[in-house]
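The next block holds one structure in the form of C-alpha cells; read it before the comments.
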Amino acid sequence: MQTWLMKSEPEEASIDDLQRLGRLPWVGVRNYQARNFMRDAFQLGDRVLFYHSSCAQPGIAGIARVASGAYADPTQFDPSNPYFDPKSKPEAPRWLLVDVAFERKTTLLPLSEMRLQPELATMALLQRGSRLSITPVSDSEWAFLAQRLT
DNA sequence: GCCAACGTTGGC
DNA sequence: GCCAACGTTGGC
C-alpha cells in the first residue's frame with residue numbers, strides 16, 4: 001500500500017470538514033501530474049496524509065484513505081464553479097478526482113517542523129519550489145512520520 | 001502583500 | 001517545437 005500527501009486549503013476543505021462528512025470528492029485538481037497520480041497510481045485503500053496549505057499553520061492535519069477509483073470531476077463542467085474548465089468536454093473529461101474517506105485527525109505536524117527533520121529531507125513536499133498538490137510519500141518517510149503523527 | 005518557482009499558453 | 005509572457009501556488 002502506498003502513501004500520498006494531498007494538499008487542501010482548510011478554508012475550502014479542512015480535516016474537520018472531512019471528519020464531519022466522512023467522505024469527500026477531492027474536487028479541483030487542475031494539474032496533469034497530480035491528475036495522473038490519481039488516475040494511474042492510486043489504489044483503493046491507499047493512505048492519504050491530509051495537508052493544510054495556504055493558511056496560518058500549514059502542515060499535516062490528519063489521515064484519510066483513497067475511497068474510490070478516479071472519475072470525472074463534475075466541477076469542470078459547471079460554468080458557475082471556480083474550477084470550471086471551458087476546454088473540457090463531458091465526452092472527454094480532462095480532470096479527474098477520487099473520493100477520500102476520513103480515518104483520523106492528528107495533532108498538527110507543522111511544515112516548519114518537518115523541514116527540521118533530516119529523515120524527511122527527501123519528501124517531495126519539501127523540495128525547493130515544489131507546488132504539486134498530490135505527492136507520493138515513501139515507505140521510509142511514512143515510517144518516520146507515523147511516529148510523530150499522534 | 002511579496003515574490004520565487006513553476007506550469008501553461010500561444011505566437012512564430 | 002521553441003520560448004517569452006503570463007497566471008498560479010503557497011510560504012513567509
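First the proteins, then the strands, lettered A, B, ... as listed; each starts at 1. If you're wondering where the values come from, they're calculated on a predicted model, not measured in any experiment.
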Query raised in the report: Does the distance from a Lys or Arg side-chain N to an Asp or Glu carboxylate O, for R35(A) and D73(A), drop under 4.0 Å?
Result: no

**Report entry** Q127(A) CD to dG11(C) C1', straight-line distance once rounded to whole Å
**Finding:** 16 Å

Polar pairs (N or O, both sides) under 3.5 Å between protein and nucleotides 2-9 of chain C?
from, atom 1, to, atom 2, distance (Å)
dT8(C), O2, R131(A), NH1, 2.6

Query raised in the report: Which pairs, with at least one residue in residues 59-104 of chain A and sequence neighbours excluded, count as a ring-ring contact (aromatic ring centres under 6.0 Å, His included)?
Result: Y32(A)-W95(A)

Query raised in the report: Just wondering, are more than 12 heavy atoms of other shown residues or ligands nearer than 6.0 Å to CG in D40(A)?
Result: yes

Report task. Could you tell me whether the side chains of R94(A) and S88(A) share a donor-acceptor contact shorter than 3.5 Å? Result -> no

Query - Closest to side chain of R115(A), choosing from dG10(C), dC12(C), dG10(B) - result: dC12(C)

Query raised in the report: Rounded to the Å, how far apart are E113(A) CD and dG11(C) P?
Result: 15 Å

Query raised in the report: In terms of ring plane angle, is the pair F50(A) and W26(A) parallel, tilted or perpendicular, where the classes change at 30° and 60°?
Result: perpendicular

